[in-house]
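Since the structure comes first, as structure tokens, the remarks are kept for the end.
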Amino acid sequence: MKQRVRAVLVTPGGTTLLMKRVRPGRDPYWIVVGGGVEDTDADHEAALLREIREEIGGEAEIVRPFRQLENASGETEHFYLARVGTWNFADRSGPEFQRDDRGEYILEEFPLTTEALAGLNLLPEEISVALCRALDRGDDLLAPA
């Protein structure tokens, strides 16, 4: 079964970068950056760093794993916490951006707070809940495990 990797990206200013998805016939929603693990990727972390470069033209440092979920398609999704140092959405290069049938991908920056995240349709819902709980507890998301 396909493996997927995703990153909760924390900026130097303490905000987070999320991808707004606008698709025909569906309400907009937000996701954290990431995608599928390819056979050429050395491991999950290498796949995630590649996805960050492809999707936001960014460079990041993975801090630690955050959660692992199985999605509705039966795929395992590995979520990580990461520091993103630089990004330039104009430099994105992922294959999904070449297809007109995929809808829009809009990179947005949000405060990393329960109030900001709770107001979004952040999917999957389990990640939104886990992030809000961690923030409510006052967890340092960038502290090593």
Side-chain angles (χ1 to χ4, degrees), residues 1-11 14-87 89 91-99 101-145:
M1 190 53 63
K2 183 86 170 167
Q3 299 280 308
R4 299 184 97 41
V5 290
R6 301 206 177 275
V8 176
L9 296 171
V10 181
T11 70
T15 61
T16 189
L17 299 176
L18 299 173
M19 192 76 70
K20 182 177 182 181
R21 294 287 285 119
V22 181
R23 300 170 82 177
R26 189 166 179 186
D27 288 337
Y29 60 95
W30 286 260
I31 56 173
V32 296
V33 172
V37 176
E38 297 178 2
D39 292 338
T40 55
D41 294 320
D43 56 25
H44 288 150
E45 291 187 5
L48 184 55
L49 294 174
R50 176 186 49 74
E51 286 289 342
I52 292 167
R53 282 189 300 275
E54 287 179 0
E55 289 194 5
I56 68 168
E59 295 297 326
E61 171 195 354
I62 298 171
V63 175
R64 64 182 164 94
F66 182 61
R67 291 284 184 281
Q68 182 176 308
L69 305 172
E70 186 173 311
N71 67 25
S73 301
E75 301 167 324
T76 301
E77 294 195 76
H78 304 269
F79 290 82
Y80 291 84
L81 298 168
R83 287 181 185 91
V84 61
T86 62
W87 64 94
F89 200 53
D91 291 340
R92 64 188 179 181
S93 62
E96 61 271 31
F97 303 121
Q98 310 307 316
R99 294 179 49 187
D101 64 334
R102 298 294 304 253
E104 293 181 71
Y105 294 81
I106 304 164
L107 186 64
E108 296 187 339
E109 189 172 354
F110 291 94
L112 191 53
T113 64
T114 302
E115 295 77 21
L117 297 180
L120 300 175
N121 183 17
L122 177 59
L123 299 178
E125 185 177 345
E126 296 92 339
I127 288 303
S128 180
V129 168
L131 276 171
C132 288
R133 284 185 181 152
L135 292 166
D136 284 344
R137 286 191 307 265
D139 292 359
D140 180 355
L141 297 179
L142 294 181

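Residue indices begin at 1 and follow the sequence shown. As the structure is a prediction and not an experimental result, all values here were calculated from the model.
Legend: ring-ring contact (aromatic ring centres under 6.0 Å, His included) pairs involving residues 31-84, not counting sequence neighbours, sorted by first then second residue: H44-H78.
Put simply, CZ on R133 and OG on S128 are 10.5 Å apart, with the number rounded to the nearest 0.5 Å. A distance of 10.0 Å separates CD in E77 from CD in Q3, rounded to the nearest 0.5 Å. For the atom pair L142 CG and R83 CZ, the distance stands at 5.0 Å (nearest 0.5 Å).
Side-chain N or O atoms of E55 include one that pairs as donor or acceptor with a backbone N or O of G34 at under 3.5 Å. Looking at R64, its side chain never comes within 3.5 Å of a backbone N or O of L81 through a donor-acceptor pair.
Taking all atoms of both residues into account, the shortest heavy-atom contact from A82 to A7 is CB-CB, 4.4 Å. Closest non-hydrogen pair, S93 versus R53, comes out as OG-O, 4.4 Å. Smallest separation of non-hydrogen atoms from K20 and P28: CE-CB, 3.8 Å.
Counting heavy atoms from C-beta on, the side chains of E108 and F89 never come closer than 4.5 Å. Counting heavy atoms from C-beta on, the side chains of L69 and I127 come closer than 4.5 Å. No side-chain heavy atom of V63 sits less than 4.5 Å from a side-chain heavy atom of L141. Using a 4.5 Å cut-off on side-chain heavy atoms (C-beta onward), R21 and Y105 make contact.
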Side-chain polar contacts of residues 109-126 - donor-acceptor pairs under 3.5 angstrom, sequence neighbours left out - could you list them?
| residue | atom | partner | partner atom | Å |
| --- | --- | --- | --- | --- |
| E109 | OE2 | T15 | OG1 | 2.6 |
| T113 | OG1 | A116 | N | 3.1 |
| T114 | OG1 | D136 | OD1 | 2.8 |

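Residues satisfying the side chain to side chain contact (heavy atoms under 4.5 Å, CB included) criterion with T86, sequence neighbours excluded, are E59. For V84, the side chain to side chain contact (heavy atoms under 4.5 Å, CB included) test picks out L9, T11, L17, I56, A60, W87, with sequence neighbours left out. For D43, the side chain to side chain contact (heavy atoms under 4.5 Å, CB included) partners at least two apart in sequence or on another chain are E45, A46. K2 is linked by a side chain to side chain contact (heavy atoms under 4.5 Å, CB included) to R4, E75, counting only residues two or more places apart in sequence or in another chain.
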Trace of the side-chain contact (heavy atoms from CB on, under 4.5 Å) decision for L18 with V32: CA-CA 5 Å; L18 299 173; V32 296; 3.6 Å; yes
